[in-house]
Amino acid sequence: GAVVSQHPSRVICKSGTSVKIECRSLDFQATTMFWYRQFPKQSLMLMATSNEGSKATYEQGVEKDKFLINHASLTLSTLTVTSAHPEDSSFYICSARALGTAYNSPLHFGNGTRLTVT
Amino acid sequence: EDQVTQSPEALRLQEGESSSLNCSYTVSGLRGLFWYRQDPGKGPEFLFTLYSAGEEKEKERLKATLTKKESFLHITAPKPEDSATYLCAVLNTGGFKTIFGAGTRLFVKA
């Protein structure tokens, strides 16, 4: 149980274009999903907290106009990287906590999206 | 500021050679300490949650322990398939943000 599906797993795009990444909870509902960015050999950095039916909460230093988050349902959140540049190349991972579980229960992660901007 | 530091950065073991990974943390009121396993190119996979000092949890060759300042992940008689990056994370009193360490990359050679 508690499967999170992230799509696509890899994407290559040209500088200036936009890319959308989907995160779905397959067998549970999630009012809150989290988007992380991970650089090689570094920690997961929280970018934003996605709340179903409301605006996302962005971490300090993360541009909300560049990283658009939409959480339209209890099972789907999307991250759109707008006007991507090579410095946006990274590994993006989403996670979710099942609806009805304690706030300090573990997160369930997707398998990540490797974004390469050329 | 809440912080998680993991050591060593990388650990190379022979199959069967037991060892421990360390996670030191500074947090304003611990609400949970988590261990995850991450394989290359994949998302983290949940292993354990520890909530209070003195707590211990085991799963196959892994055992996690917790004190007020650090947690250890003990690996007994590791196998090559245990090779992965092990991540430690903490949840603070606010409860809204899980803070991750940089991880320990474990390599187990047959």
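Just so you know, these numbers come straight off a predicted model, no measurement behind them. A note on names: the letters A, B, ... follow the listed sequences, proteins ahead of strands, and every chain is numbered from 1.
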- Please step through salt bridge (charged side-chain N to carboxylate O under 4.0 Å, His left out) for the pair K66(A) and D88(A), ending with a clear verdict. CA-CA 10 Å; K66(A) 181 164 188 63; D88(A) 298 324; 2.9 Å; yes

- Task: Sort out for me which of Q38(B), K42(B), R105(B) touches chain A most, counting heavy-atom pairs under 4.5 Å.
- Result: K42(B)

- Message: For G112(A), is there any backbone N or O sitting under 3.5 Å from a side-chain donor or acceptor partner on Q6(A)?
- Response: yes

- Note on the structure: The side-chain contact (heavy atoms from CB on, under 4.5 Å) partner of L50(B) among L66(B), T65(B), L30(B) is L66(B)

- Task: Could you label the plane-to-plane angle of the F72(B) and H74(B) rings as parallel, tilted or perpendicular, counting under 30° as parallel and over 60° as perpendicular?
- Result: parallel

- Note on the structure: Cut-off 4.5 Å, heavy atoms of chain B, and the answer for T32(A) is neither

- Message: Can you tell me which portion of I93(A) sits under 4.5 Å from chain B's heavy atoms? Options are side chain, backbone, both or neither.
- Response: side chain

- Task: Give, for atom OG1 of T78(A) and atom CZ of R24(A), the distance between the pair rounded to the nearest 0.5 Å.
- Result: 9.5 Å

- Message: Given heavy-atom pairs under 4.5 angstrom as the criterion, report whether the side chain, backbone, both or neither of F48(B) touches chain A.
- Response: neither

- Note on the structure: Bottom line for T49(B): the part with an atom under 4.5 Å from chain A's heavy atoms is side chain

- Among R10(A), E59(A), R114(A), the residue with the most heavy-atom pairs under 4.5 Å to chain B is E59(A)

